[in-house]
Structures are given as C-alpha cells and as structure tokens.
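Accompanying notes for the structure given below.
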Amino acid sequence: MPTRDPRIDAYIKRSADFAQPILEHLRALVHESCPQVEETIKWGFPHFVHAGGILCSMAAFKQHAAFGFWNGELIDAAATAGGDRGAMGQFGRLQSLADLPGKRALAALIRKAMTLNEEGVKRPAAKRDPARAEMAMPAELAAALIRHPKARKHFETFAPGQQREYKEWIAEAKQTTTRERRLAQAIEWLAEGKPRNWKYMAAKPAAAGKTRKPREP
C-alpha cells in the first residue's frame, strides 16, 4: 500500500491554485512509477524517498512550482533541460502541466532515478571551480531562503564570494543529517547578517601569526 504523508496533503492544499494540479500530478506519477516510495517533508517541502535515499522532491512558490531529482546531475540532461537554470530542480519554473515532460517520459526518468538509488549511486560532490564561475544555488538553500525573508535579504547583499561560501558549505555535505544541520545553522547566521566564516574573521590570533577557524556543525 502506498505510503502517504498527511503533511503533504496539507502542503498541496495550502499551495496556490495553479500549483495544486501540478503537485497532485507529480505525486501520483511518482507513486505510480515507484510503488514502494515513501513520502516525507524535508526543508519545508515534499520529498519522495526510495531505497534509503531521496528520490525526488517538489515545491510550490507564489508564481511557480518546481520538481527535481536528488541525483539530477546523473539523469539524462537532455531530457530534464528546458527551464530557467536559476530555478530549483531540473525542469525550470512550472506554471502549468504543459511545462512538464509527457507522462511516459517523466515516468522513465523516475525509474532511472530509482535504479540509481537501488544501486547506491551517489550524486557527485561539489567541486571547486578554479575559474570561480558562478555556482548553482543548492535546492535546499534556495527553499530555506524563500521561507526566511530576513536571511534571504542578508544573503542577497553579500558579495559573490561570501554567497559561494554558504553554497559550497551546504552542497559539500555528504550526509543528509550533516546537510540539514548545516542548513539550519546557515539560516540562523544569515538572519543575523553573518558571513559563513564570521567567527574566523572576528577571531583574534591565539598566537603570533595563527588564527583558528570556526568549528563546523
């Protein structure tokens, strides 16, 4: 029997009218494609879990919805491309069902994501770009900033390098528990207007020529 989380029912119900049929469609298709899937809420929006790992997630915002695979980098890029690259997930800003791939194509992608989870494949760790190119916003951080306007306001005033420090810190967390802990800490610091390495910046040398970096949660 499908495992459904009543919190997701409530999430869909309080979403904007345009988003509700999108979320319902995605939810139904995930269950149809992966009967063993489990539902949960992480970082404030619906996630689907399979074979011990996150399979995919969906979210609704004021003017668009989003859907993405946890191992999105390993899913066929051509099949998932087509939306605003700055949007959360791999399908851009969803404003109607027409913005999604067809049911058969999307089901095939879900099954591919299932296989990756079943085989224990992990998404590649974030790599530092020597050219310091713009780094994509981690989906979890983007969603958290939307829910916390004060933190978002401070984040948007930071220099690109300071924004990158937070992005990398979240993206490089390999364990889900570590990522969640870092995300909570990041939002707390951002709400106070603090850069990622504020402790290090404020610390006084303990000895000549030496400083201590802050302990990571």
Side-chain angles (χ1 to χ4, degrees), residues 5-8 10-16 19 23 39-49 54 56-70 72 83-90 92-94 123 125-129 132-206 211-217:
D5 190 324
R7 294 176 297 172
I8 294 183
Y11 182 95
I12 294 175
K13 186 175 181 179
R14 66 173 179 265
S15 297
L23 300 180
E39 297 183 344
T40 188
I41 293 286
K42 288 180 177 290
W43 306 296
F45 56 97
H47 282 69
F48 300 92
V49 179
I54 297 173
C56 54
S57 63
M58 62 184 188
F61 306 101
K62 290 183 178 180
Q63 298 182 336
H64 72 280
F67 179 70
F69 295 102
W70 184 252
D84 178 358
R85 293 187 62 185
M88 175 180 160
Q90 289 88 43
R93 298 174 182 272
L94 306 174
R123 65 182 184 181
K127 296 181 179 180
R128 294 179 181 273
D129 187 347
R132 307 303 287 177
E134 178 63 20
M135 179 181 178
M137 173 76 78
E140 303 91 337
L141 180 56
L145 290 174
I146 289 173
R147 297 195 308 275
H148 298 276
K150 187 175 181 180
R152 183 176 72 247
K153 181 178 179 180
H154 287 301
F155 181 85
E156 291 174 348
T157 64
F158 284 172
Q162 292 176 318
Q163 292 183 0
R164 173 180 284 273
E165 288 174 348
Y166 272 112
K167 292 177 183 179
E168 290 180 341
W169 193 43
I170 301 301
E172 291 173 354
K174 296 180 180 179
Q175 301 294 325
T176 300
T177 54
T178 302
R179 185 178 291 254
E180 292 176 343
R181 188 166 61 248
R182 289 186 180 183
L183 187 64
Q185 183 64 81
I187 293 301
E188 179 182 336
W189 285 344
L190 284 167
E192 297 172 359
K194 295 176 179 177
R196 158 75 181 93
N197 291 315
W198 67 274
K199 291 183 179 179
Y200 177 69
M201 295 166 62
K204 294 182 179 180
T211 56
R212 293 183 297 175
K213 289 188 175 181
R215 180 182 299 175
E216 293 188 352

Straight-line distance of [X] [atom1] to [Y] [atom2], nearest 0.5 Å:
X: I170; Y: R182; atom1: CD1; atom2: CZ; answer: 7.5 Å
X: F48; Y: I8; atom1: CZ; atom2: CD1; answer: 5.0 Å
X: C56; Y: Q90; atom1: SG; atom2: CD; answer: 9.5 Å
X: R196; Y: E165; atom1: CZ; atom2: CD; answer: 7.5 Å
X: R179; Y: I54; atom1: CZ; atom2: CD1; answer: 8.0 Å

Worksheet item: For E192, which residues count as a side-chain hydrogen bond (donor to acceptor under 3.5 Å, both in side chains) partner, sequence neighbours excluded?
Response: K194
Practice prompt. For E180, enumerate each residue passing the side-chain hydrogen bond (donor to acceptor under 3.5 Å, both in side chains) test, keeping only those at least two apart in sequence or located in another chain.
Written response: K42
Practice prompt. Would you please classify the geometry between the F158 ring and the Y166 ring as parallel, tilted or perpendicular, with 30° and 60° separating the classes?
Written response: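 If you compare the ring of Y166 with that of F158, the planes turn out parallel.
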Worksheet item: Which of parallel (below 30°), tilted (30 to 60°) and perpendicular (above 60°) describes F67 and F69?
Response: perpendicular
Worksheet entry | Listed partners of Q175 passing side-chain contact (heavy atoms from CB on, under 4.5 Å), at least two apart |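 Testing Q175 for side-chain contact (heavy atoms from CB on, under 4.5 Å), a comparison that skips the adjacent residues, returns T177, T178.
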Item to complete: Would you please name every residue forming a side-chain contact (heavy atoms from CB on, under 4.5 Å) with I146, sequence neighbours left out?
Response: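 Expected list: F61.
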Closest contact, heavy atoms only, [X] versus [Y]:
X: Y11; Y: S15; answer: O-OG, 2.7 Å
X: A59; Y: L23; answer: O-CD2, 4.0 Å
X: I187; Y: A151; answer: O-CB, 4.0 Å

Practice prompt. Go through the steps for H148 and L190 under the test side chain to side chain contact (heavy atoms under 4.5 Å, CB included), then give the verdict.
Written response: CA-CA 9 Å; H148 298 276; L190 284 167; over 6 Å; no
Worksheet item: Going through the distances and angles, do N197 and Q162 end up as a side chain to side chain contact (heavy atoms under 4.5 Å, CB included)?
Response: CA-CA 9 Å; N197 291 315; Q162 292 176 318; over 6 Å; no
Worksheet item: Can you list every salt bridge (charged side-chain N to carboxylate O under 4.0 Å, His left out) pair that touches residues 144-154, not counting sequence neighbours?
Response: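 Qualifying pairs: R152-E156.
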Worksheet entry | Contacts of H154 that satisfy ring-ring contact (aromatic ring centres under 6.0 Å, His included) - sequence neighbours left out | none
Discussion item. Strictly distance-based, threshold 3.5 Å: is any side-chain N or O of E39 a donor or acceptor partner for the main-chain N or O of D5?
Written reply: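 Yes: the side chain of E39 pairs with the backbone of D5.
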Worksheet item: With a 4.5 Å heavy-atom cut-off, do M137 and K167 have their side chains touching?
Response: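 Answer yes - side chains close enough.
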